[in-house]
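To keep things clear, I will list the structure first and then write my remarks on it.
In what follows, residues are counted from 1 in the order of the sequence shown.
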Amino acid sequence: MSSGPDVIAGGGGVDSSGMDEPKKMTREDWRKKKELEEQRKLGNAPAEVDEEGKDINPHIPQYISSVPWYVDPSKRPTLKHQRPQDEKQKEYTLMGEWYRKGVKEGTIATKYRQGACENCGAMTHKKKDCFERPRRVGAKFNGANIAHDEFEQPQLMLDYDGKRDRWNGYNPEEHMRIVEEHAKVDLVY
């Protein structure tokens, strides 16, 4: 047996990287810490308060409440590492925005334009990205049947809910058009 206090957590002082390690905790300190945690869980002691002044629920598991090693270590307990970070929240767009479908409305090209697709004549893509079948004589040389320009699709950065919203971008007018078409068919029969 040793004559000094028993040590639970090891390592004190400064390590080779120059960062301070946590001080040694004796059995007595560890026991007091556990008793305080139990009293907080029972409601006999006040809850811990984080840096923002919010109470920390004592029933939160340690693997959630402990700050990871790669996050800036702070002296006070906090759940800041569990909350959404502001810089990431600003990146996400609102739900309701979605990819546009179809072709641009407006002027129709009648002759080949410089920088357009050599196959179909649309300005929104190049020949290697064209979805039309390869023509024997492309629009660059033929000038006939110039395709419409597609919409420039927005770069959407959707949040968790936006990515999984199955009705995002749904247009109820499309369904009404189908219902009207079926009603016309029913009238014929």
Side-chain angles (χ1 to χ4, degrees), residues 47-72 74 77-189:
E48 243 179 332
V49 178
D50 66 357
E51 354 177 277
E52 299 172 357
K54 297 179 182 176
D55 287 342
I56 296 176
N57 188 340
H59 300 289
I60 292 177
Q62 182 181 4
Y63 70 91
I64 292 177
S65 62
S66 60
V67 180
W69 61 270
Y70 52 85
V71 177
D72 183 29
S74 60
T78 182
L79 291 176
K80 190 174 177 182
H81 60 281
Q82 291 288 345
R83 295 195 176 100
Q85 306 301 315
D86 292 334
E87 59 271 3
K88 289 191 177 183
Q89 289 294 325
K90 291 177 185 173
E91 291 177 6
Y92 296 122
T93 58
L94 298 173
M95 286 188 343
E97 294 183 26
W98 199 244
Y99 301 104
R100 298 186 68 184
K101 297 177 182 144
V103 294
K104 278 187 183 174
E105 297 171 1
T107 59
I108 299 172
T110 56
K111 62 179 186 170
Y112 180 78
R113 298 165 286 180
Q114 191 67 31
C117 173
E118 296 175 9
N119 185 43
C120 68
M123 289 292 290
T124 50
H125 62 269
K126 298 294 179 196
K127 183 178 181 180
K128 68 178 184 176
D129 301 323
C130 189
F131 280 114
E132 281 198 21
R133 65 171 178 77
R135 298 179 181 181
R136 184 182 307 162
V137 178
K140 180 175 183 179
F141 302 108
N142 189 1
N145 297 330
I146 303 290
H148 293 282
D149 297 336
E150 298 95 10
F151 285 114
E152 290 291 330
Q153 297 297 341
Q155 189 69 26
L156 296 178
M157 295 287 291
L158 298 171
D159 59 353
Y160 182 85
D161 293 329
K163 289 178 191 174
R164 290 157 181 81
D165 183 13
R166 66 170 50 174
W167 296 102
N168 197 356
Y170 172 71
N171 187 2
E173 294 171 3
E174 287 292 317
H175 180 69
M176 288 307 298
R177 188 175 54 82
I178 294 169
V179 169
E180 290 170 1
E181 185 176 322
H182 284 286
K184 289 178 184 176
V185 171
D186 288 342
L187 287 176
V188 172
Y189 294 112

*List the steps and the verdict of side chain to side chain contact (heavy atoms under 4.5 Å, CB included) for Val49 and Ile56.*
CA-CA 6 Å; Val49 178; Ile56 296 176; over 6 Å; no

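Summarising the geometry, atom NE2 belonging to His125 is positioned 9.0 Å from atom CG belonging to Asp149; distances are rounded to the nearest 0.5 Å. Put simply, CD on Glu118 and NZ on Lys140 are 4.0 Å apart, with the number rounded to the nearest 0.5 Å. Rounding to the nearest 0.5 angstrom, the gap separating the CE atom in Met123 from the CD atom in Gln114 is 8.5 Å. Interatomic distance, Asn142 CG to Cys120 SG, rounded to the nearest 0.5 Å: 12.5 Å.
Atom NE2 of His148 is surrounded by 12 or fewer heavy atoms from other residues, nucleotides or ligands within 6.0 Å. Within 6.0 Å of atom CZ in Arg164, more than 12 heavy atoms from other residues, nucleotides or ligands are found, so the atom counts as buried in its surroundings. More than 12 heavy atoms of other residues, nucleotides or ligands sit less than 6.0 Å from atom CG of Asp129. Atom CZ of Phe131 sits in a sparse spot, with 12 or fewer heavy atoms from other residues, nucleotides or ligands closer than 6.0 Å.
A salt bridge does not link Glu181 to Lys184: none of the charged side-chain nitrogens sits closer than 4.0 Å to a carboxylate oxygen.
Heavy atoms only, all atoms of each residue included: Arg133 and Asn119 are closest at O-ND2, 3.2 Å. Nearest heavy-atom pair, Ala147 versus Glu132, reported as atom, atom and distance to 0.1 Å: CB-OE2, 3.6 Å. Considering every non-hydrogen atom in both Gly121 and Ala116, the closest pair reads O-CB, 3.5 Å.
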